[in-house]
Number of protein chains: 2
Amino acid sequence: MDKKKKQQSTEEKILAAARKVFTTKGMDGARMQDIADEAGINKALLHYYFRDKGKLFETVFLEEAQKFFPKINSIFSSELPLFEKIEKFVHEYIDEMLENPYLPWFVMNEINRDPEQFMYRIWGKENLPQPSKFLEQMDKEVRKGTIKKISPVHLFLHIVSMTIFPFVAKPMITRNLQLDELQFRQILEQRRKEIPRFIFDAIKK
Amino acid sequence: MDKKKKQQSTEEKILAAARKVFTTKGMDGARMQDIADEAGINKALLHYYFRDKGKLFETVFLEEAQKFFPKINSIFSSELPLFEKIEKFVHEYIDEMLENPYLPWFVMNEINRDPEQFMYRIWGKENLPQPSKFLEQMDKEVRKGTIKKISPVHLFLHIVSMTIFPFVAKPMITRNLQLDELQFRQILEQRRKEIPRFIFDAIKK
DNA sequence: ATATAGTTTAACCAAATGGTTAACAAAACT
DNA sequence: AGTTTTGTTAACCATTTGGTTAAACTATAT
């Protein structure tokens, strides 16, 4: 047992355990007993602190998602020049994911389970993320002739795909490329520079 | 009800229903009763045709995965020149996914649930896919000076990310970019040409 | 010391769910 | 026609699982 675990409050222990179990097994696969075991407490305590499974899940889920998604949004709609914006997005996204490697899968899982509900819980009813500003910015650069002619939508998809996918597909990638934890992490760190450079090479004139 | 459903054998109805339910709800979230309802039959029939839930799931799963994964593998280890190979991979992958849009999520889900088991079931014990040949090929081109200096691993990740991610993240993308089914499909079709061109622009000398 | 509020546990309960059984119906076969 | 085999169903069973309860323990205040 960690020293940490003893200092943690019961509530914190539960949340940490829930995060772990929900992430690996998903909302449906997770068993309340598993979470209790992982936290080293009695199952009834889960219900004492969090009324039911759904509440516990939502707490864990929103805690993570809400602190991260708005950040992305603010980058995309900021006033930075195009390349700096891309660079910043890639950097911050990868950094965040390296610290919370379970987040992407977690989010993807939820978003697939119930897209409407998800979007609503993250951004509220009328507060959708607006990549439109980013798309317009790309479009402007194309018309100005600063970058090659490219569809903003596709460029946008290229960027998010290259940034996010390796995290979601981690088990496949580590297995296929025969990487250990450390090597995988190093590659992800390299990608912070690698992706912006690749994009730059592809669209600079 | 479809006309088709009446012509389908019960076994086919079950498989179609199982595919649908397993794909949307996942192995754990899926209920045998849901599958029976979807197929319009009694629950006991499921057990008559497929011994238990696990067996049914595996049947559906392997049926899809086994027919597709070997194809990818054969492209990567073929003798085609680099750019043709990339083009072919992107083309075939997107085409396949457009026909079976549920497959990527299905596969990712399983691979995350139990990586070892998954790889084993798809490729058998000693028959891992070998992207190494593809990596070497890229490396060779770099040293020959035909393309820009780039890490083969990263280029590999770029390619698969841009190709696969949009399928996995479909609900997020359609929601954020406000696309309907048709528009999403059209964009995916465009990407067959868009991705190879983007890569070409990025690494050609 | 004792009462009190907060925390934790073991034992229990009800509903959901995967799976079984026995009977029935429909073909296929003789 | 009658008999066997295959397909299908309703009712049932055992287990799992989320959730409850009442009792015990702990700390803090009086």
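Worth knowing before you read on, the calculation uses all heavy atoms, side chains too, and leaves out hydrogens, waters and symmetry mates. To find a chain, count down the sequence lines: A is the first, B the second, and so on, and within it residues start at 1.
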Basic-acidic side-chain contact under 4.0 Å: Lys170(A), Glu181(A):
yes
What contact category does Phe50(A) fall into here, base, sugar-phosphate, or nothing, at under 4.0 angstrom with non-hydrogen atoms?
nothing
Quick one: label Ala36(A) by what it contacts on the DNA or RNA (base, sugar-phosphate, nothing), any heavy atom closer than 4.0 Å.
nothing
Please give, in whole Å, the distance from [N] [atom2] to [X] [atom1]?
{"X": "Met27(B)", "N": "dT17(C)", "atom1": "CE", "atom2": "C1'", "value": "13 Å"}
{"X": "Lys55(B)", "N": "dG18(C)", "atom1": "NZ", "atom2": "P", "value": "18 Å"}
{"X": "Phe57(A)", "N": "dG18(D)", "atom1": "CZ", "atom2": "C1'", "value": "16 Å"}
{"X": "Lys53(A)", "N": "dA15(C)", "atom1": "NZ", "atom2": "P", "value": "18 Å"}
{"X": "Lys13(A)", "N": "dT9(C)", "atom1": "NZ", "atom2": "P", "value": "8 Å"}
{"X": "Ile14(B)", "N": "dG7(D)", "atom1": "CD1", "atom2": "C1'", "value": "11 Å"}
{"X": "Ile35(B)", "N": "dG19(C)", "atom1": "CD1", "atom2": "P", "value": "10 Å"}
{"X": "Ile41(A)", "N": "dT7(C)", "atom1": "CD1", "atom2": "C1'", "value": "11 Å"}

From [options], nucleotide with atom closest to [X] side chain:
{"X": "Asn42(A)", "options": "dT9(C), dA10(D), dT8(C)", "value": "dT9(C)"}
{"X": "Leu45(A)", "options": "dT8(C), dT8(D), dT9(D)", "value": "dT8(C)"}
{"X": "Lys43(A)", "options": "dG19(D), dT9(D), dT20(D)", "value": "dG19(D)"}
{"X": "Asp52(B)", "options": "dT9(D), dT8(C), dG19(C)", "value": "dG19(C)"}
{"X": "Ala44(B)", "options": "dT21(C), dT8(C), dG7(D)", "value": "dT21(C)"}
{"X": "Met32(A)", "options": "dG19(C), dT8(D), dG19(D)", "value": "dG19(D)"}
{"X": "His47(A)", "options": "dT8(D), dG19(C), dG19(D)", "value": "dG19(D)"}

Between Thr10(A) and dT7(C), is there a contact of a side-chain N or O with OP1 or OP2 at under 4.0 Å?
no
dT20(D), OP1 or OP2 - any side-chain N/O from Tyr48(A) closer than 4.0 Å?
no
Could you check whether [Y] and [X] have their ring centres less than 6.0 Å apart?
{"X": "Phe156(B)", "Y": "Phe76(B)", "answer": "yes"}
{"X": "Phe106(A)", "Y": "Phe22(A)", "answer": "no"}
{"X": "Phe198(B)", "Y": "His154(A)", "answer": "no"}

Taking for each residue the nucleotide of DNA chain D bearing the nearest heavy atom, is the 5' side occupied by Glu11(B) or by Arg31(A)?
Glu11(B)
Of Gly40(B) and Asp28(A), the one whose closest nucleotide on DNA chain D sits nearer the 5' end is Gly40(B)
Neighbour count >12 (heavy atoms, 6.0 Å) for atom NZ, Lys148(A):
yes
Among Arg185(A), Lys88(A), Arg192(A), find the residue that satisfies the salt bridge (Lys or Arg N to Asp or Glu O under 4.0 Å) test when tested with Asp95(A).
Arg192(A)
